[in-house]
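No experiment lies behind these values; they were computed from the predicted model shown. In each ligand, atom 1 is the first atom listed, and ligand 1 is the first ligand listed.
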Amino acid sequence: MLDIQKIRADFPILSQKVNGKPLVYFDNGATSQKPQVVIDAIEKYYSEYNANIHRGVHTLSQLATDAYEIARNTIQYHINAKYNHEIIFTSGTTFGINLVAHGFASIIKSGDEVMISSLEHHSNIVPWQFLCEKTGAKLVVIPMNEKGELVVSEFDNLLSEKTKIVAVNHISNALGTINPIEYIIKKAHEKGAAVLIDGAQATPHLKPDVQALDCDFYVFSGHKICGPTGVGVLYGKEEWLRKLPPYQGGGEMIAEVTFEKTTYADLPHKFEAGTPNIEGGIVLGTAIDYMNSIGFDAIASYENELLAYGTKRLKEIEGLTIYGTSENKASVISFNIDGIHPYDIGTIIDKLGIAVRTGHHCAQPIMQYFNIPGTIRASFAFYNTKEEIDIFVEAVKKAQQMLS
Ligand SMILES: *Cc1c(COP(=O)(O)O)cnc(C)c1O
């Protein structure tokens with residue numbers, strides 16, 4: 001059992017008032033709030049040992065390098081990667097996917113296929129379109145059904161020896177659907193295709209085990225798991241990271257540079273050109289430690305309770321439709337109310353201190369499927385409460401009255 005009041009006290013922002021009302025923060029799918037330990041770790045880094053890493057022999061540089069590499073190990077253990085050099089620090093999920101998609105240009109040929117799903121975030125669509133434009137490969141899309149689930153039989157039909165990589169999200173940010181990635185990974189591997197999992201929306205709710213999953217790449221962002229913005233992780237199996245070319249050239253990623261030829265540094269540095277987000281990397285380790293101190297089993301079961309309660313309460317509202325009704329769902333509720341634009345509801349409830357996301361959630365193809373301009377999305381974290389859900393539901397009812 002989680003002590004929610006104690007957890008909430010860890011997050012200074014949660015005791016704020018917004019527009020004169022206590023903040024109800026239900027936009028966790030966009031970014032999470034930060035606990036005091038994370039805020040303190042940022043301050044500690046800049047006030048006590050800020051220095052560039054991997055270069056200097058001086059004491060501060062050593063301290064910063066050690067902290068950065070300890071964070072890499074923390075991430076390795078957290079996702080159960082085999083080696084710490086399989087953990088590449090990035091600026092976020094978007095960067096990680098672009099890195100892999102860019103690298104595949106040297107592997108993929110015209111006539112090959114790249115498979116994504118109809119549930120993807122734009123970050124996991126556009127980089128693959130770039131890849132297909134560059135190489136002449138074909139983009140193949142796994143369809144979804146009206147519950148917002150991927151149609152597995154269609155995936156089976158679309159998969160072939162032509163498929164070189166399958167890129168799907170673990171959990172959909174727009175609908176909350178938890179995708180059957182174990183099955184997708186297994187089947188894709190049978191055809192010799194690599195698999196990239198976009199874990200941006202899964203890592204806030206669960207602890208992925210990349211070896212058990214056997215995925216080839218797993219990407220996520222620090223800012224959605226209580227860490228800072230501007231830092232993220234690309235996990236890649238060693239053999240794949242050796243095969244892919246570097247993404248950016250610069251300092252740190254080289255072994256030797258002459259004007260005739262440059263040789264690249266070993267992993268992970270090959271993919272970490274330039275001065276990284278040192279503070280971000282270190283503090284991402286702090287954030288992961290914090291979430292583990294709460295425990296992902298407890299987080300998942302509590303969030304499931306919030307999801308069930310929020311779903312039940314919202315269904316009381318007449319004319320309300322929930323999009324994404326899979327049995328396997330994370331704590332995300334996307335909905336609309338008949339005859340009312342999602343933006344108008346979002347604006348009114350903001351005046352009541354409630355933060356939700358309105359719009360297409362960077363997943364326009366999903367909105368096209370349902371033939372809607374967007375949705376209102378409430379996404380719950382482990383620091384949210386049923387009382388907040390009650391406040392939210394009353395606010396939505398009030399907005400509905402005002403707008404109809
Ligand atoms: C947030 C999100 C992204 C993009 O993450 P950035 O931190 O903006 O790079 C990609 N995919 C999913 C599923 C997301 O939720």
> In terms of relative ring orientation, are His122 and His360 parallel, tilted or perpendicular, with 30° and 60° separating the classes?
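Taking His360 first and then His122, their aromatic rings sit tilted (interplane angle of 30° to 60°).
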> Output yes when Asp112 and Lys138 qualify as a salt bridge under the 4.0 Å nitrogen-oxygen rule, no when they do not.
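The answer is no: the pair does not qualify as a salt bridge.
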> Would you mind checking if Lys397 and Glu318 are paired as a salt bridge, meaning a charged N to carboxylate O distance below 4.0 Å?
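Lys397 and Glu318: not salt-bridged.
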> Between Lys186 and Asp214, does at least one N-O distance fall below 4.0 Å, as a salt bridge requires?
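Salt bridge between Lys186 and Asp214, a charged N being under 4.0 Å from a carboxylate O: no.
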> Mind jotting down which protein residues get a heavy-atom contact under 4.0 Å with ligand 1? Chain and number order, please.
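Residues near ligand 1: Thr93, Thr94, His121, Ser123, Asn173, Asp198, Ala200, Gln201, Ser221, His223, Lys224.
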> Going by ring-ring contact (aromatic ring centres under 6.0 Å, His included), name the residues that satisfy it together with Tyr83, two or more places apart in sequence or in a different chain.
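With neighbours one apart ignored, the set is His85.
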> Can Lys243 be said to sit on top of Trp240's aromatic six-ring, NZ or CZ under 6.0 Å from centre and within 45° of the ring axis?
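Yes, Lys243 lies over the aromatic ring of Trp240.
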